[in-house]
Novice: 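Structure below; questions to follow.
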Amino acid sequence: MAVDAPVPESIAAFLDTPTPDAWLDEACQRLPEMLLDHANCELKAASTALGFLYRYPERTALAQRMSRLAREELRHFEQVRSIMDDMNVGFERLSASRYAGGLRDAVRHEEPYKLLDMLLVGALIEARSCERFAKLAPRLPAKLGKFYGGLLASEARHFEHYIAFAKTECGIDDDAFEERLEELKAIEAALITEPDDEFRFHSGSPR
Ligand SMILES: [Fe+2]
Ligand SMILES: [Fe+2]
């Protein structure tokens, strides 16, 4: 039975630009690659969380949350790997998609803007992952659809944490915050809608 997993309202409102339907069609045709890249994304999410711990160890609330987040993302990695095993999908190296690199390039170098940008980029990636899990779930084989239906709740929570820290940890006023968020949202929207030669979990419209 198909899994009904609507995109949570907070996520749909945050991402003004939805994933193109053509990407969803492509993903359903290319499940092994999608799973492989999804596993990589979980690993990168854990590593990003650890990066905050190394960079900002004196920020107690942030460090505690990121430590927990890293463990949760590693658990997701293990879960994707076992689903891959069940589906006989072998692990291979995959080049990184343009998405994370494109967002990373937008991060400013001086503090506190660097921290703000990294937290907002984290929020965008989590929100987009959540949206894609929700939209894929009803289209996938039952077991995978159920797994994605469960994951989207975690990613929605991660999105909330990143946004909350972006608001509380950086000392940026509301106007500057909104202005920067809009700029990063526009970059993110271009990355997921513009034609993309590669297919990845966060790729753009298939060419
Ligand atoms: Fe995850
Ligand atoms: Fe996450």
Side-chain angles (χ1 to χ4, degrees), residues 5-21 23 41 44-70 72-73 96-135 151-196 200-205:
V7 180
E9 250 173 64
S10 60
I11 301 288
F14 180 73
L15 297 169
D16 337 284
T17 310
T19 283
D21 285 341
W23 182 88
C41 289
K44 270 184 260 161
S47 157
T48 299
L50 282 177
F52 281 100
L53 268 174
Y54 280 115
R55 201 179 294 275
Y56 306 101
E58 71 289 356
R59 293 176 185 263
T60 309
L62 180 72
Q64 291 286 64
R65 173 59 61 194
M66 290 298 160
S67 174
R68 253 174 275 159
L69 183 57
E72 199 179 347
E73 303 292 18
S97 73
R98 70 179 185 186
Y99 182 81
L103 287 169
R104 214 186 310 116
D105 288 347
V107 171
R108 291 168 290 179
H109 297 291
E110 59 299 348
E111 296 290 6
Y113 310 108
K114 183 185 177 94
L115 176 58
L116 175 73
D117 289 357
M118 290 200 306
L119 290 167
L120 291 177
V121 163
L124 281 161
I125 296 174
E126 296 287 349
R128 183 61 64 190
S129 304
C130 176
E131 186 233 15
R132 289 199 164 177
F133 289 137
K135 290 190 162 176
L151 276 188
L152 76 92
S154 309
E155 309 309 0
R157 248 189 309 108
H158 300 168
F159 156 74
E160 303 284 353
H161 292 314
Y162 272 113
I163 280 290
F165 282 123
K167 286 183 179 158
T168 57
E169 288 287 324
C170 312
I172 305 287
D173 71 46
D174 291 353
D175 288 348
F177 178 93
E178 285 304 325
E179 192 183 322
R180 186 59 181 154
L181 179 55
E182 290 310 313
E183 286 168 3
L184 291 173
K185 274 187 184 183
I187 294 171
E188 197 271 348
L191 289 165
I192 63 113
T193 51
E194 284 172 4
D196 201 336
R200 294 287 185 270
F201 191 80
H202 292 109
S203 53
S205 287

Novice: Any pair with a residue in residues 96-105 that passes salt bridge (Lys or Arg N to Asp or Glu O under 4.0 Å), sequence neighbours left out, goes on the list, sorted by first then second residue, please.
Specialist: Arg98-Asp196
Novice: According to the salt bridge (Lys or Arg N to Asp or Glu O under 4.0 Å) rule, which pairs have a member within residues 118-129, sequence neighbours left out?
Specialist: Arg128-Glu131, Arg128-Glu188
Novice: Using side chain to side chain contact (heavy atoms under 4.5 Å, CB included) as the criterion, list what pairs up with Glu110, not counting sequence neighbours.
Specialist: Arg108, Tyr113
Novice: Taking side chain to side chain contact (heavy atoms under 4.5 Å, CB included) as the test, write out the residues that go with Glu160, two or more places apart.
Specialist: Ser10
Novice: Mind checking whether Leu62 and Leu119 have side chains closer than 4.5 Å, heavy atoms only?
Specialist: yes
Novice: Kindly write out the residues that satisfy side chain to side chain contact (heavy atoms under 4.5 Å, CB included) with Cys41, not counting sequence neighbours, or none if the list is empty.
Specialist: Asp37, Phe201, His202
Novice: Answer whether the closest heavy-atom distance between the side chains of Leu124 and Phe14 falls below 4.5 Å.
Specialist: yes
Novice: Can a donor-acceptor pair be found, under 3.5 Å and without considering hydrogens, that links the side chain of Ser67 to the backbone of Ala63?
Specialist: no
Novice: Quick one: closest heavy-atom pair of Pro6 and Leu152, and the distance?
Specialist: O-CD1, 4.4 Å
Novice: Decide yes or no for Ile125 and Tyr99: does some side-chain heavy atom of the first lie under 4.5 Å from some side-chain heavy atom of the second?
Specialist: yes
Novice: Are Phe159 and Leu15 close enough that some pair of their side-chain heavy atoms sits under 4.5 Å apart?
Specialist: no
Novice: What pairs with Glu73 under salt bridge (charged side-chain N to carboxylate O under 4.0 Å, His left out), at least two apart in sequence or on another chain?
Specialist: none
Novice: Could you pull out every donor-acceptor pair under 3.5 Å between side chains of residues 172-181 and any protein atom, sequence neighbours left out?
Specialist:
from   : atom 1 : to     : atom 2 : distance (Å)
Asp173 : OD1    : Asp175 : N      : 3.1
Asp173 : OD1    : Ala176 : N      : 2.9
Arg180 : NE     : Asp117 : OD1    : 2.9
Arg180 : NE     : Asp117 : OD2    : 3.4
Arg180 : NH1    : Glu183 : OE1    : 2.7
Arg180 : NH2    : Ala106 : O      : 2.7
Arg180 : NH2    : Asp117 : OD2    : 3.0

Novice: Return yes if a side-chain donor-acceptor contact under 3.5 Å exists between Ser205 and Trp23, otherwise no.
Specialist: no
Novice: Applying salt bridge (charged side-chain N to carboxylate O under 4.0 Å, His left out), can you list everything that pairs with Arg157, at least two apart in sequence or on another chain?
Specialist: Glu72
Novice: Are more than 12 heavy atoms, taken from residues, nucleotides or ligands other than Glu58, located less than 6.0 Å from that residue's CD atom?
Specialist: yes
Novice: Let me confirm one number: the CG-CG distance from Leu116 to Leu120, rounded to the nearest 0.5 Å.
Specialist: 4.5 Å
Novice: Can you list everything that forms a side-chain hydrogen bond (donor to acceptor under 3.5 Å, both in side chains) with Arg132? Sequence neighbours excluded, please.
Specialist: Thr19
Novice: Only distances under 3.5 Å count here; give the side-chain donor-acceptor pairs of residues 46-57 to other protein atoms, sequence neighbours excluded, each with its distance to 0.1 Å.
Specialist:
from  : atom 1 : to     : atom 2 : distance (Å)
Thr48 : OG1    : Lys44  : O      : 2.9
Tyr56 : OH     : Glu111 : OE2    : 2.5

Novice: What side-chain donor-acceptor pairs closer than 3.5 Å can you find for residues 164-171, not counting sequence neighbours?
Specialist:
from   : atom 1 : to     : atom 2 : distance (Å)
Thr168 : OG1    : Ala164 : O      : 3.0
Glu169 : OE1    : Arg59  : NH1    : 2.8

Novice: Can you name the nearest heavy-atom pair linking Cys130 to Ile11, along with the distance?
Specialist: SG-CG1, 3.8 Å
